[in-house]
Each structure stands twice: as structure tokens, then as C-alpha cells.
Amino acid sequence: MNFCRLRFLALLLVFGVHVCGADNGDVAFDTSYKIIWGNDHVSLLDQGREAQLSLDINSGAGFGSKLQYESGFFNMRIKLANKNTAGVVTAFYLSSIGNSHDELDFEFLGDKEGKPITLQTNVFANGKGDREQRVLLWFDPSADFHTYKILWNHRLIAFYVDDIPIRVFKNNTKIGVTYPTKAMEVHVSIFNGDDWATDGGQTKINWTSSPFTARFQGFNVDGCSLSQLSSTNSRRNNCHASEYWWNERKYWNLDRNQIKEYQNVREKYMNYDYCTDKARYPVTPPECVSNQYTNI
């Protein structure tokens, strides 16, 4: 069995997508994305197969998807800025437009050189957030590209670092927990977050280390967009149809091996979980137990 065949089978076991020669990096930036702000701090390289965003004392930058999506599998290959990045925030997230918004966040919180980068995730549903979880990454995310993924269907939201699940948010509307259902855009940005990101805002950005440059690849989007629904005159709930692979029953939950990997991350690398913050939540939020797989 040749290498290409082995690679295909390995990827198929994880998500059932992508084959040799059809890598996400082959899609040009402007196929799915557009620059939103900080135009002069954005560089497109390799015929649009890589985007670089820079932050200096004058501005950061950001880009976003051309379409809005109601379900999907969203991923980005990211290589963070290196060295002293205290106060610098790099974000990859989904967000709806308007009030009472939905949002799914990856936020990389920079730190002093030599200290591990913190990856913060958050989930907003109908305007309610404050569901932060933080993990210390087990590798240097500025040394090479890694893939960060969000799976979103009507039963499950899962955050992955490469193929390892680091967070789960299940649909618990039956017990009164709101769940993201609004159409969302994909966003990527780098910005000044030194009023909160590092040591609770005590460590500020050292601008002599700027510009801070993060690199991004993999611009394909596997999602059910509003434009797809309007072009086929379909009903809104068709974004939950099983014709989209991420909506198949096997993606409604983690499998047993993924649960083990997820629990390992929680035990070894998680250094903050809103679910255990009794100062903020004297009563544990109702979604916490099922999202932790404590009964497995």
C-alpha cells in the first residue's frame, strides 16, 4: 500500500474528507475570503495560498469569509508570531451579525518569550458567552503550522487542535441551555489585547518587538451557506441535512478514542475552565457535566 493510500485512509478515519492532491492549501484566499480591515497589514503570498497578518503600534488586521454558514467544518492552518508576543491576540472564529449574536472562538493569547502560548476557546449563543476554557499548548505554535478546526452541526460543536479534540459543546437546549443556530461568518484577525490577554492585562505589548506577523493557510470552507439555500429554494433546516457529511450521525458525538484524547487534554493541559470557577458560577452551569464526558 503506497503512502498516498495510507494518508487517505488516515484522514478518512478522522473526518472522511480530503485526499492526496486535494489539500486545503490548494485553495486561493479570494475563493472564500476577503480582507476586512488593516489592508496595509495584510500580505498574500504563493498565489494567494498563504495570508500574513501583521500587528504594529498603528494597526492590526483581519479577514473574513464572503459567505455566512449555518453548519459545517471550519479549519485554518496557522503559524503564530514568535518571540515576545505578550499582549498580542490572534483569533480564528465564527460569528453571526447583529445583536444577541452567536460566536465560536479560538483565541491565541501571546506571552513573554519562552512561556507557553495559551489557547482560549469560548462559545456564545444568543448573546450569552462567558464560557471560557484555556489550554496551554503542548507544542510551540510559532515554530510551524498547525491546523485548528471547528465542527458545528445541530447536535455538537467540537474544537480540534490538529486531530485532537480540546473542547466539546453539546446541544443541551432540552435543559434550557442556548445553542448556536444563527448563520455565522468565519473571521481571522490579529490585534492588541494587552488590556486583558496576558497576566490579566498586567503585561503589555513590547512594541520594539513589532511587527508581529501570523501566517495562515488552508482557505477551503466545508460549510452550508445561506447562498446555497437561496439558490436551491431550500428550507433553513436543510443545513442540518445528512447530505452534508458533518451532519451524519457519527459526528453527533466523539468516538471512544477521541474521548480519551479529549480527557487527556483536560487533565494535562487545561488551566482554566469556567465550569469550575466557583467565584463566577457558584452553581455549576447545567451544560458542564455532559460536555466533560465524566461518565465515560
Side-chain angles (χ1 to χ4, degrees), residues 14-15 70-75 89 91-96 99-109 116-138 148-182 184 193 196-197 200 240 246-247 249-296:
V14 179
F15 287 114
E70 291 195 320
S71 68
F73 175 65
F74 308 90
N75 64 102
V89 179
F92 166 47
Y93 63 101
L94 279 62
S95 183
S96 66
N99 297 327
S100 300
H101 78 298
D102 293 348
E103 186 171 319
L104 307 174
D105 295 332
F106 275 117
E107 292 178 315
F108 302 87
L109 312 183
I117 297 295
T118 296
L119 175 54
Q120 175 171 282
T121 59
N122 205 348
V123 175
F124 287 77
N126 200 32
K128 175 176 171 47
D130 297 328
R131 298 185 175 104
E132 298 91 347
Q133 291 182 351
R134 295 180 178 181
V135 297
L136 296 176
L137 291 173
W138 49 94
Y148 304 89
K149 311 172 183 179
I150 300 173
L151 175 74
W152 172 37
N153 58 45
H154 66 295
R155 295 295 189 98
L156 180 75
I157 294 164
F159 295 76
Y160 296 83
V161 174
D162 295 320
D163 293 329
I164 298 175
I166 67 161
R167 179 169 191 168
V168 165
F169 190 84
K170 298 180 182 179
N171 188 334
N172 280 303
T173 52
K174 289 184 178 179
I175 59 172
V177 179
T178 53
Y179 189 80
T181 58
K182 297 180 175 69
M184 292 192 276
W196 63 275
H240 300 152
W246 54 85
N247 290 330
R249 181 176 292 272
K250 62 183 176 181
Y251 300 110
W252 292 2
N253 214 331
L254 300 184
D255 64 32
R256 186 164 296 275
N257 288 333
Q258 289 174 327
I259 291 172
K260 290 179 180 178
E261 292 177 325
Y262 175 56
Q263 290 175 330
N264 183 61
V265 169
R266 290 187 56 84
E267 291 170 7
K268 293 183 178 180
Y269 302 106
M270 183 169 287
N271 67 352
Y272 178 80
D273 184 357
Y274 76 103
C275 289
T276 58
D277 189 339
K278 294 301 182 182
R280 292 176 68 189
Y281 296 100
V283 177
T284 302
E287 70 271 16
C288 290
V289 172
S290 67
N291 290 335
Q292 293 171 6
Y293 291 95
T294 54
N295 59 343
I296 300 298

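These figures come from a predicted structure and were not determined experimentally. Note that the numbering runs from 1 along the sequence shown for the chain.
Between Ser71 and His154, the closest side-chain pair of non-hydrogen atoms is not below 4.5 Å. Residues Thr118 and Leu136 are in side-chain contact: their nearest non-hydrogen atoms beyond the backbone lie under 4.5 Å apart. By the 4.5 Å heavy-atom criterion applied to side chains, Phe169 and Tyr179 are counted as neighbours. Side-chain contact check for Tyr293 versus Asn253: some heavy-atom pair is nearer than 4.5 Å. The shortest side-chain heavy-atom distance between Leu109 and Val89 falls under the 4.5 Å cut-off. Here the side chains of Asn172 and Asn291 are in contact, with some heavy-atom distance below 4.5 Å. In this structure, the side chains of Asn171 and Trp252 stay at 4.5 Å or more apart for every pair of heavy atoms. For the pair Val161 and Tyr148, the minimum side-chain heavy-atom distance is below 4.5 Å.
Judged purely by atom type and a 3.5 angstrom limit, Asp105 has no side-chain atom pairing as donor or acceptor with the backbone of Tyr93. Between the side chain of Asp162 and the backbone N or O of Ile164 there is no donor-acceptor pair closer than 3.5 Å.
A centroid separation of 6.0 Å or more is found between the aromatic rings of Phe73 and Tyr251.
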Task: Worked check of side-chain contact (heavy atoms from CB on, under 4.5 Å) between Trp152 and Met184 - done: CA-CA 11 Å; Trp152 172 37; Met184 292 192 276; 3.5 Å; yes
TODO: Could you walk me through whether Gln120 and Tyr272 pass the side-chain contact (heavy atoms from CB on, under 4.5 Å) test, one step at a time?
DONE: CA-CA 9 Å; Gln120 175 171 282; Tyr272 178 80; over 6 Å; no
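Residues Pro165 and Glu261 come closest through the heavy atom pair CD-OE1, 3.6 Å. Residues Ile175 and Pro286 share a closest heavy-atom pair of CD1-O, 3.7 Å. Summarising the geometry of Asp130 relative to Arg280, their closest heavy-atom pair is CB-NH2, 3.1 Å, with the distance given to 0.1 Å.
Taken to the nearest 0.5 Å, the CH2 atom of Trp196 stands 4.0 Å off from the CD atom of Glu107. For the atom pair CG of Asn271 and CD of Gln133, the computed distance is 11.0 Å after rounding to the nearest 0.5 Å. Of the inter-residue distances, the one linking Asp273 atom CG with Arg266 atom CZ reads 4.5 Å to the nearest 0.5 angstrom. With rounding to the nearest 0.5 angstrom, the OG1 atom of Thr276 is 8.0 Å from the CD atom of Gln292. Note that CG of Asn122 is 9.5 Å distant from CG of Leu104, once rounded to the nearest 0.5 Å. Rounding to the nearest 0.5 Å places CG of Leu119 at 9.5 Å from CZ of Phe159.
Around the NZ atom of Lys278, the shell of radius 6.0 Å holds more than 12 heavy atoms that belong to other residues, nucleotides or ligands.
Salt bridge Asp255/Lys250: absent, no basic N to carboxylate O contact under 4.0 Å.
A cation-pi arrangement is absent between Lys182 and Phe124, since the terminal nitrogen or guanidinium carbon is not both under 6.0 Å from the aromatic centre and inside a 45° cone about the axis.
For the salt bridge (charged side-chain N to carboxylate O under 4.0 Å, His left out) with Glu287, the lone residue among Arg131, Lys128, Arg167, Lys170 that qualifies is Arg131.
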